[in-house]
**Q** 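Would you mind keeping the following structure in view while I ask a few things?
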Amino acid sequence: MSYAIPSCFLLLCIIAHPISSFQPIKQTSCINKITVFHPSDQSRISPVVLSGWIQGSDGEWAWEEDDPTSSAAIASTSTLTSESVDTQATPTLPAGSFRPKQSLGQNFLRDGNTVAKIVKAFVKDATSTLGITKAGNGEDGEDGDNNYLKQTDLRAVELGPGAGALTDVLVPALGVNNLQCIEIDDRSVELLGGKHPMLRVSHQDVLQVDYPALANDEGGPLSIIGNLPYYITSQILFALADASHSDSVRSATVTMQWEVGKRIVAPTRTKDYGILSVVFQLYADCNIHFKIPPTVFYPQPKVDSALIGLHFLGPSQLRARLAGVNPVNLRSVVTSTFQQRRKTVRNGLKPLALTVFGGDKERVKEFLDGAPCPLPRCVEEAREAGDKFALSQKLPDDWAKKRPEELTPGQFVEITRMLYGP
């Protein structure tokens with residue numbers, strides 16, 4: 001059977017993945033060398049480079065995924081659990097030719113245990129958001145989670161694979177048909193092409209990825225994994241949140257600076273609570289999987305990192321939370337108030353309100369002094385059903401006298417409704 005070279009796909013991810021890491025060592029080649037044996041006398045002859053091929057006992061050659069004993073073939077037909085991800089040896093880099101680029105924010109992972117923990121967390125995130133349960137008798141796994149994953153249901157995208165620390169674990173676990181990478185560093189594209197010839201690697205800027213188009217090409221919502229460069233973390237995260245509007249991205253398991261991770265999951269009335277907290281707690285269920293020390297990266301960053309899991313709600317649940325509010329207007333309200341977080345909501349919103357009301361100061365005063373609007377019927381129904389988000393959505397009568405960090409994401413939705421209308 002003949003095989004065509006798969007076309008590259010785009011996807012959001014790193015301009016140069018800061019967390020896909022490896023420790024530099026000497027390596028003679030970035031692609032596998034297979035030693036050929038003559039089928040008759042089994043005498044050893046000179047090694048040849050045959051990336052992606054396997055030679056049988058009869059001397060015939062076949063693509064690796066056609067070999068029933070190959071990891072790629074096994075991955076394409078089996079189920080995946082977080083427990084099935086093995087701890088890997090220390091990731092390595094070709095000496096001299098693959099120095100991390102500061103301009104791309106690259107910090108390569110160099111610890112096998114950390115890599116395995118990241119991939120296990122990704123499996124759990126992807127499984128829960130795609131609604132995939134354990135195959136067979138339906139019993140829970142050891143940790144009580146139904147986190148068995150059918151590879152055919154997974155559309156994994158790794159952002160900024162760098163030298164392939166995560167990729168080298170994901171390929172045997174998922175199979176190349178269920179994984180693709182987005183990478184801007186041409187050195188990484190070449191290296192990954194040598195190590196995993198059948199893997200789809202898109203040579204692209206992560207900030208230029210069209211997630212809805214990519215999800216459409218793949219046939220469903222995407223599950224994202226990756227090491228994010230510190231300097232473009234927020235842009236990437238907001239792009240993923242926007243993509244969740246169309247159900248293009250269902251989950252993201254990504255690394256970021258520890259302080260950024262804390263802001264995403266921060267509760268109200270804390271110093272870390274801010275714009276990221278409001279937006280992502282509205283769009284997703286968020287949690288910190290674990291803290292990552294600088295020592296597992298090369299070069300070592302000066303701060304701790306975090307692995308964050310984002311389980312995006314999807315269009316229907318997000319629409320129910322917004323209840324007619326335009327998300328663009330919501331972000332304007334949130335940004336305006338938190339830009340002056342030491343002031344009251346009244347003072348923070350006044351300039352925006354003047355713009356919305358065309359400079360009409362009387363209307364601005366009426367808005368800022370006004371009582372909260374009645375909650376939409378769908379929100380009231382959600383409250384009656386015990387929905388946690390809806391239960392914290394009602395505004396207090398003195399909402400304008402509050403500071404921004406005192407208001408929940410749901411309450412910001414209601415302020416936006418008051419200002420812009422339903």
**Q** Are there more than 12 heavy atoms of other residues, nucleotides or ligands under 6.0 Å from atom CG of Asp369?
**A** yes
**Q** Taking all heavy atoms of Pro396 and all of Gln411, pick out the closest pair and write down the distance.
**A** CD-NE2, 3.8 Å
**Q** Under a 4.0 Å N-O cut-off, is there an ion pair linking Glu190 with Arg187?
**A** no
**Q** Looking at Glu381 and Arg377, is there a salt bridge between them, counting it only when a charged N and a carboxylate O are closer than 4.0 Å?
**A** yes
**Q** Please check: side-chain N/O of Lys262 versus main-chain N/O of Ile288, any donor-acceptor pairing under 3.5 Å?
**A** no
**Q** Quick one: closest heavy-atom pair of Gln393 and Leu375, and the distance?
**A** O-CD2, 4.2 Å
**Q** Does the Thr127 side chain pair with the main chain of Lys124, one donor and one acceptor, at a distance under 3.5 Å?
**A** no
**Q** Pair Phe238, Arg331 - check side chain to side chain contact (heavy atoms under 4.5 Å, CB included), show working.
**A** CA-CA 11 Å; Phe238 281 120; Arg331 290 192 190 180; 3.8 Å; yes
**Q** Between Asp398 (side chain only) and Lys401 (backbone N and O only), is there a donor and an acceptor less than 3.5 Å apart?
**A** no
**Q** Using modelled atom types only, decide if a donor and an acceptor are shared between the side chain of Arg346 and the backbone of Ala400 within a distance under 3.5 Å.
**A** no
**Q** Verify side chain to side chain contact (heavy atoms under 4.5 Å, CB included) between His245 and Tyr283, making sure each step is shown before the conclusion.
**A** CA-CA 9 Å; His245 279 280; Tyr283 279 67; 2.9 Å; yes
**Q** Could you tell me whether the side chain of Leu170 reaches within less than 4.5 Å of the side chain of Phe122, counting heavy atoms only?
**A** yes
**Q** Does the side chain of Leu407 reach to within under 4.5 Å of the side chain of Thr268, using non-hydrogen atoms?
**A** no
**Q** Please report the interatomic distance CD1(Ile292) to CH2(Trp258), rounded to the nearest 0.5 Å.
**A** 9.5 Å
**Q** What's the spacing between Leu228 CG and Ile236 CD1 if we round to 0.5 Å?
**A** 4.5 Å
**Q** Take Thr167 and Glu158, measure what side chain to side chain contact (heavy atoms under 4.5 Å, CB included) needs, and give me the verdict at the end.
**A** CA-CA 8 Å; Thr167 317; Glu158 183 184 357; 2.6 Å; yes
**Q** Does Arg363 come within less than 4.0 Å of Glu366, counting only side-chain N to carboxylate O?
**A** no
**Q** From Leu395 CG over to Met418 CE, what is the distance, rounded to the nearest 0.5 angstrom?
**A** 7.0 Å
**Q** Looking at Pro161 and Leu192, what are the two nearest heavy atoms and their distance?
**A** CG-CD1, 3.4 Å
**Q** Can you tell me how far apart CZ (Arg155) and OG (Ser248) are? Round to the nearest 0.5 Å.
**A** 11.0 Å
**Q** Would a 4.5 Å heavy-atom cut-off, applied to side chains only, mark Phe389 and Leu282 as touching?
**A** yes
**Q** Would you kindly say whether His196 and Asp168 are connected by a side-chain donor-acceptor distance under 3.5 Å?
**A** yes
**Q** Kindly indicate whether the side chain of Arg321, heavy atoms from C-beta on, has any atom under 4.5 Å from the side chain of Pro409.
**A** no
**Q** For the residue pair Thr233 / Gln257, report whether a side-chain donor-acceptor contact shorter than 3.5 Å exists.
**A** no
**Q** Under 4.5 Å between any side-chain heavy atoms of Arg110 and Gln300, yes or no?
**A** yes
**Q** Does a side-chain heavy-atom distance below 4.5 Å link Tyr420 with Val333?
**A** yes
**Q** If you measure from OG1 on Thr295 to CG on Asp111, what distance do you get to the nearest 0.5 Å?
**A** 7.5 Å
**Q** Check Pro301 against Pro294 and note the closest heavy-atom contact, atom names and distance.
**A** O-CB, 3.3 Å
**Q** Would you give the length of the straight line joining atom CZ of Arg250 to atom CD1 of Ile224, rounded to the nearest 0.5 angstrom?
**A** 12.0 Å
**Q** Dump the intermediate steps for side chain to side chain contact (heavy atoms under 4.5 Å, CB included) on Asp125 and Ser223, then the final yes or no.
**A** CA-CA 8 Å; Asp125 290 337; Ser223 299; over 6 Å; no
**Q** Which pair of heavy atoms, one from Ile415 and one from Phe367, lies closest together, and at what distance?
**A** O-CE1, 4.2 Å
**Q** Give a yes or no answer on whether the side chain of Trp399 reaches the backbone of Gly370 with a donor-acceptor pair at less than 3.5 Å.
**A** yes
**Q** Can you tell me if Gln281 uses its side chain to pair, donor with acceptor, with the backbone of Ile264 under 3.5 Å?
**A** yes
**Q** Hey, is Arg269 close enough to Glu405 for a salt bridge, meaning N to O under 4.0 Å?
**A** no
**Q** Hey, are the side chains of Pro376 and Glu414 touching, using non-hydrogen atoms and a 4.5 Å cut-off?
**A** yes
**Q** Over 60° means perpendicular and under 30° means parallel, so classify the ring planes of Phe280 and Phe312, tilted if in between.
**A** tilted
**Q** What pair of heavy atoms forms the shortest contact from Leu307 to Ile118, and how long is it?
**A** CD2-CA, 3.9 Å
